[in-house]
Amino acid sequence: MKQKYFGADVPKLGFGLMRLPRVAGHPDVIDVEQTAQMVDEFLAAGFTYFDTAYVYTGSEDAARQALVERVPREKYTLASKLAAWQDPKDEEKAKRQFETTLERTQAGYLDFYLLHSIESDNVDLFDRFHIWDYMNELKSAGKIRHWGFSFHDDPKMLDRVLTEHPDAEFVQLQINYADWNSVSVHSRENLEVARQHGKGVVVMEPVRGGLLANPPQKVAEILHRAAPDRSSASWAIRFAASQDNIMTVLSGMSNLQQLRDNISFMKEFQPLSPDEEAAIHKAQDVLDGIPSIPCTGCSYCTEGCPQKIAIPDIFAARNTQLIFGAAEKGEKDYERAVQEGGAASDCIQCGQCESVCPQHLNVTEYLKECARVFGR
Ligand code: SF4
Ligand code: SF4
């Protein structure tokens with residue numbers, strides 16, 4: 001199913017170029033040959049939207065080789081993103097990311113350009129570097145067609161950003177059935193705010209980083225009973241695509257099998273039926289009932305932590321393990337969380353975090369558990 005955005009039909013499935021296939025035995029090398037085959041099959045099925053970013057290592061180069069050098073420019077649309085936080089001390093360097101993206105991709109222009117990953121910690125930087133104005137300059141110069149921003153924060157912040165920047169044309173949000181009512185990701189509430197501001201939404205993480213392709217067994221059983229022939233990933237992508245105001249749903253496909261599965265149910269996309277919605281509600285109830293750390297990710301606790309421990313990120317990593325049983329992903333998320341600050345085991349139990357936590361969490365006890373599970 002297609003819908004008109006900016007006067008053009010946008011098919012409901014987009015190709016996220018963040019998790020491209022790798023060459024066997026070389027996890028750092030993108031398999032351009034397989035990517036090219038995926039591009040061909042994606043386009044042949046009538047889809048057109050490709051999404052990359054300056055910070056996705058090797059992705060813009062792969063987009064050039066597998067897409068731009070092989071396919072007439074008018075046959076596809078290409079999105080990329082400017083990550084001001086990558087060069088936080090130098091406005092010109094941050095802005096030069098756009099030229100680098102054009103050099104890497106050789107696309108000539110971008111159909112969609114996004115401020116990458118806006119959240120409360122970095123929104124001031126995008127303001128200070130005048131990136132919002134820069135987007136309009138690029139658009140006036142014909143170097144980009146449309147611009148928006150990807151977003152990872154709460155509905156209040158999204159409302160503020162869209163109110164301050166009404167010329168942003170669309171928003172990219174994390175929407176999936178597991179995070180639908182989440183007090184940290186706010187899928188449903190953020191989608192509602194985008195709707196209120198009249199902005200189309202590009203969905204990211206519909207399969208929650210791949211976790212909903214292999215959900216907890218009880219969830220898988222519910223979905224399998226409702227439709228034995230469908231993949232778990234199909235439920236996640238169709239759930240996202242069934243919401244109002246969705247421009248397209250990005251799927252970060254990593255091999256031909258995933259691509260073909262996605263095409264099988266998105267080529268003739270049908271929104272979820274009432275029975276299917278009921279199955280998703282049951283799945284959501286099961287997910288909500290799995291014991292986890294009830295941290296809302298509000299970050300009130302981090303500012304005053306003398307050990308600079310990224311408490312909510314560490315808890316999110318542990319929850320990935322508790323809810324989805326994804327031990328390895330949780331460990332990787334934990335490693336990222338402690339890269340620039342203290343580890344869970346660095347907590348000196350000063351109690352500052354607990355005195356400000358609106359959820360009244362026993363933060364130090366949860367951190368002890370994380371330290372036990374993750375080590376340093
Ligand atoms: S108790 Fe631990 S985590 Fe909390 S503020 Fe103190 S050092 Fe940081
Ligand atoms: S203040 Fe409490 S709820 Fe908020 S991020 Fe910290 S631990 Fe989580």
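By convention here, the first residue in the shown sequence is residue 1. Quick note: numbers below take in every heavy atom, side chains included, and nothing from hydrogens, waters or symmetry partners. As the structure lists them, so they are numbered: ligands from 1, and atoms in each ligand from 1.
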Below 4.0 Å from ligand 2: does a non-hydrogen atom of Cys353 turn up there or not? no
May I ask you to identify the nearest protein heavy atom to [atom], giving residue, atom name and distance to one decimal place in Å?
atom: atom 7 (S) of ligand 1; value: Ile348 N, 3.5 Å
atom: atom 8 (Fe) of ligand 2; value: Cys295 SG, 2.4 Å
atom: atom 6 (Fe) of ligand 1; value: Cys350 SG, 2.3 Å

Can you find a non-hydrogen atom of Ile311 under 4.0 Å from ligand 1? yes
Would [X] end up clustered with [Y] when hydrophobic side chains under 4.5 Å apart are linked, directly or stepwise?
X: Tyr109; Y: Phe98; result: no
X: Leu43; Y: Phe269; result: yes
X: Leu67; Y: Leu20; result: yes

Measure across Val171 and Ala194 and return the closest heavy-atom pair with its distance rounded to 0.1 Å. CG2-CB, 4.5 Å
Ligand 2 atoms nearer than 4.0 angstrom to some heavy atom of Pro312 are 5 (S)
Describe, in one word, how the ring planes of Phe239 and Tyr177 are oriented to each other, choosing from parallel (under 30°), tilted (30 to 60°) and perpendicular (over 60°). perpendicular
Do the rings of Phe112 and Phe6 sit parallel, tilted or perpendicular, given the 30° and 60° boundaries? tilted
Is the contact between [X] and ligand 1 made by the side chain, the backbone, both, or neither, using heavy atoms and a 4.0 Å cut-off?
X: Asp346; result: neither
X: Gln349; result: backbone
X: Leu367; result: side chain

Those atoms of ligand 1 less than 4.0 Å from some heavy atom in Gln352: 5 (S)
Sole residue of Phe151, Trp132, Phe129 in side chain to side chain contact (heavy atoms under 4.5 Å, CB included) with Leu115: Trp132
